[in-house]
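Contents: one structure, followed by commentary.
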Amino acid sequence: MRQHCFIRGKWASVVIVLVLVLSCCQNTKGDLDTPSDGVLVGNINVSNISVGENNVTVHEKHETSSLKEEEHRNDSSSRAEELFKKAMATRLKDHASKEELRLSVHQLYAAAGIVHLSMNHSSASGYEMNGSLYYTADDVQVEWRNGTIQHIDAVRELIFAFRDGSGVPLNPAIAHRLVKELAAVGIVEFQADLGVLYSVGVEPVAPNDDDWLFVLKEPDLDLAMLHFSFAAKGDDPLAKMALGFRYYHGLGVEKSCPAALLYYEPVASSVVSAATVDGGLPTINDMRLGDKKRQSRPSPSAAQEFLHYQWFADYGHAEAARAVAHLLTHGEEQNLISALDYLLQAAEMGDADAMAHVGHAYANGIAVAQNNATARSWFTKAAEKGHPSGLFGLGLMHLTGQGSQVDHILAAKYFKRSIDIKQDWIGKSDAYFYAGLVRLHGWGVTRDVSLASQYFQTASKGGNLLASYNLAVLHLTGTSASSADACEDAVKLLKKVAERGWASLSEAADDYEKGDYSWSLYNYLKGASIGVELAQSNAAWLLRRAYGYNGPKSDTLAAYMLKLSAGQGNSGALIPLGDAYWYGRGVDVDLKRAGHFYTAASKRNNARALFNLGYMHQYGLGMPRDMHIAKRYYDQAMLIGPGTYLPNFLAVLWLRVHQFWDMTRPKLPNALIGLINPMFESDSSGAQKATIFGMAAYALHAPVKSLISLGKLFDFVDDAVDSSLLMWLVAILGLIVWRRRSAQHGAQQGRGDENNAQNPMNQAEERIQDPVQQD
């Protein structure tokens, strides 16, 4: 009954509920050819029922007709399935020709029951925005045979065809219309898709001059919640994650941790189950766009690295052989057999890490026949050299009885020894998980739930999903060393596990790396709507740079994505969010709000935030005007690193000039004040003007640093310029004031002498008033 709380009493939403409910009921007959003269209920045509006073009579001739109609439907269903299989055989074939793909689309049309499908390009249709016309799903005309979808999977494949342009011209608007058709008959996957699009205001459009896949409209949170609710009722994981995120943060609904828990737990449970089967979960590309550490320098290609390490490996270098093996197991073209050969080469030369890897290969039958005895031999050799992975491998064998007798005491000892070694190694989080597992169950050691939860906590931070899930369960049972709010801790962990099963994050990253920014943005927005923080951050990054979409409402959506990301603890979103309020990008200009986000970022020692706060205090923009606080912020930013020294050094110099001006200004004539004061004050547009100096300072940093890189020179500038420049500025300004006053005094005296010479009465008065001169 939870979904009813989302209606909020709006009649439009009530109508949509009724339509979707009726559509879900009709889904049971989605593959039937509905006759035009009635509705089928089983084998009985309701329109042919005669109702008497006390009974209902079904005429036999109509039963015969119904049987024939049933046979017709079965034949149609078989024909649709046959056409679908033929189409998919072609589409799954390697290197299918364009003509073959085009023919497969016609087969999908026939299987799906599409009689007519086209775009309405009349002047009365389309969505107008900034003088341009964009055609959406509302402009697509579709007609179904017998008024109903004949084959769900055929329609699903057509959606992918129109999204990819496979066998048909790419057309997101037609794909979106087909999504709506499937959602209307209760297909939860596409109900969730609609919820995603409504929640961020994305409207897919037909091909256009701007090359946009979609335009942005006002989000419709009521419709989004409605579709998410129906999809979650049908056990769709995407919808459950979206609702869990909204209940956890109170977005459009009343905040409720227990409700969020109910949505996240089943998704997390299914992800854990998928992680334990052969193959496990797919690798996730967790690239954060704008991460300078990952993107500042071009890295060599995998092929270049391979050739580099292979050359050393062939000359007997053990570490190089191990590096080649790593590339062969993680590259695009994996070759596990060759990788094992290089690992064996390194292991035979005494490399302990390679020994442990070979042990795991034999234990799991990777690129070689599974052999427990050989695995144990290599684990033992690695353990004798003190390698933690070898110790961990022996612990697993004793825990499971694989290759040795079950011995929980020995297993617990090996796990403890492996985690006690202060060394980072692949699989360390797994070792912590198993160390916690034996403590939790008391296998070979004294049962200690508190210590087990600590081990699970460490393993969870290392990315072990099983540890995260088990720790969440311990929080909920009240047996862990959790904080006061166990529900909050459990939801955070379950959310982390659930998101690990969402593979579209890698899709979005791959699209970005290929330069397909529109699809990258689309997929990141999809992840953002279900609460994936990395997707929210990356979507904001793309929108702020007009990658994938540069139309109206992009700044508004970017600011919203930044708020969501910052709300989940991403400190990197605080600076751009402060900038949004400073410049009014997607939000109203609010300097106090900007200062709030800069202050939050400054607590994480962000140099730019400290610089901005210094500038705001110096000019009184959104902060109290206080030169001492401004200098303190500049000084803190200067100490963070060499890359922040020069701009903040220049800012401090200008601050001292500013302070000197504030002290000198009351003593100067108004004309001089009017000439110089604009350099130190801001007008109604001062928010943007005040950043000019800061931007210039940071812009000068790179070229100046490239020309002047000697530390002694910076020391000289700091010692000499810092003290003498102010003295020179004071002297020059004092000289200017003295000379101007002297000139004014001389002019006044000259005019007075001339007047006295021309008027004798003045001389007489002076003599009378000054008797000393008479004597």
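Only a predicted model underlies this, so the values are computations on that prediction, with no experimental measurement involved.
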Please evaluate residues His360 and Phe379 with respect to the criterion ring-ring contact (aromatic ring centres under 6.0 Å, His included), reporting the C-alpha separation (whole Å), side-chain torsions for both, the decisive distance (0.1 Å), and the verdict.
CA-CA 8 Å; His360 287 292; Phe379 283 145; 4.7 Å; yes
Please test Tyr512 against Tyr517 for ring-ring contact (aromatic ring centres under 6.0 Å, His included), starting from the C-alpha separation and ending with a verdict.
CA-CA 5 Å; Tyr512 174 80; Tyr517 301 132; 5.4 Å; yes
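- When atom types are taken as modelled, the side chain of Asn538 and the backbone of Met287 share a donor-acceptor pair closer than 3.5 angstrom.
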Can you list, pair by pair, the side-chain donor-acceptor contacts under 3.5 Å of residues 455-467, counting residues two or more places apart and other chains?
residue : atom : partner : partner atom : Å
Thr458  : OG1  : Gln454  : O            : 3.2
Ser460  : OG   : Ser468  : OG           : 2.6
Ser460  : OG   : Lys496  : NZ           : 3.3
Asn464  : OD1  : Leu466  : N            : 3.1
Asn464  : OD1  : Ala467  : N            : 2.8
Asn464  : ND2  : Asp430  : OD1          : 2.7

Take His387 and Asp353 through the side chain to side chain contact (heavy atoms under 4.5 Å, CB included) test and state the conclusion after the steps.
CA-CA 7 Å; His387 197 281; Asp353 194 33; 3.1 Å; yes
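- Here the shortest heavy-atom pairing between Ile419 and Ala435 reads CD1-CB, 3.9 Å.
- The aromatic rings of Phe415 and Tyr434 sit parallel, their planes meeting at an angle under 30°, below the 60° perpendicular limit.
- One finds a salt bridge joining Lys416 and Asp420 here, because a Lys/Arg side-chain nitrogen approaches an Asp/Glu carboxylate oxygen to under 4.0 Å.
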Please output the side-chain donor-acceptor pairs of residues 437-447 that fall under 3.5 Å, not counting sequence neighbours, one pair per line with the distance.
residue : atom : partner : partner atom : Å
Arg439  : NH1  : Thr446  : O            : 2.9
Arg447  : NE   : Leu440  : O            : 2.7

Could you walk me through whether Ser506 and Asn285 pass side chain to side chain donor-acceptor pair (under 3.5 Å), step by step?
CA-CA 5 Å; Ser506 292; Asn285 188 338; 5.8 Å; no
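- The 12-atom threshold is exceeded at CZ of Arg156, counting heavy atoms of other residues, nucleotides or ligands nearer than 6.0 Å.
- Atom OG of Ser377 is separated from atom CE of Met355 by 9.5 Å, given to the nearest 0.5 angstrom.
- The OH atom of Tyr362 sits 11.5 Å away from atom CD of Gln370, with the distance rounded to the nearest 0.5 Å.
- Look at Glu533 and Arg288 and you find a salt bridge, because one of the NZ, NE, NH1 or NH2 atoms lies within 4.0 Å of a carboxylate O, short of that distance.
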For a side chain to side chain contact (heavy atoms under 4.5 Å, CB included) check, start with the C-alpha distance between Gln405 and Asp407, then their side-chain angles and the critical distance, and finish with the verdict.
CA-CA 6 Å; Gln405 293 182 348; Asp407 190 331; 5.8 Å; no
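- Rounding to the nearest 0.5 angstrom, the gap separating the CG atom in Asn606 from the CD1 atom in Ile575 is 4.0 Å.
- Within the 3.5 Å criterion, the main-chain N or O of Gly395 finds no donor-acceptor partner in the side chain of Lys413.
- Taken from OG in Ser571 to CZ in Arg604, the straight-line distance is 5.0 Å, to the nearest 0.5 Å.
- Taking both residues in full, the closest heavy atoms of Lys385 and Ala352 are given as CD-CB, 3.8 Å, listed atom of the first, atom of the second, then distance.
- We find the OH-CG distance between Tyr248 and Leu494 to be 11.0 Å, quoted to the nearest 0.5 Å.
- Residues Tyr547 and Trp541 bring their aromatic ring centres within 6.0 Å.
- Using a distance-only test at 3.5 Å, with no hydrogens or angles considered, a donor-acceptor pair links the side chain of Arg246 to the main chain of Ala242.
- Between the CG atom of Leu521 and the CG atom of Leu543 there is a distance of 5.0 Å, given to the nearest 0.5 Å.
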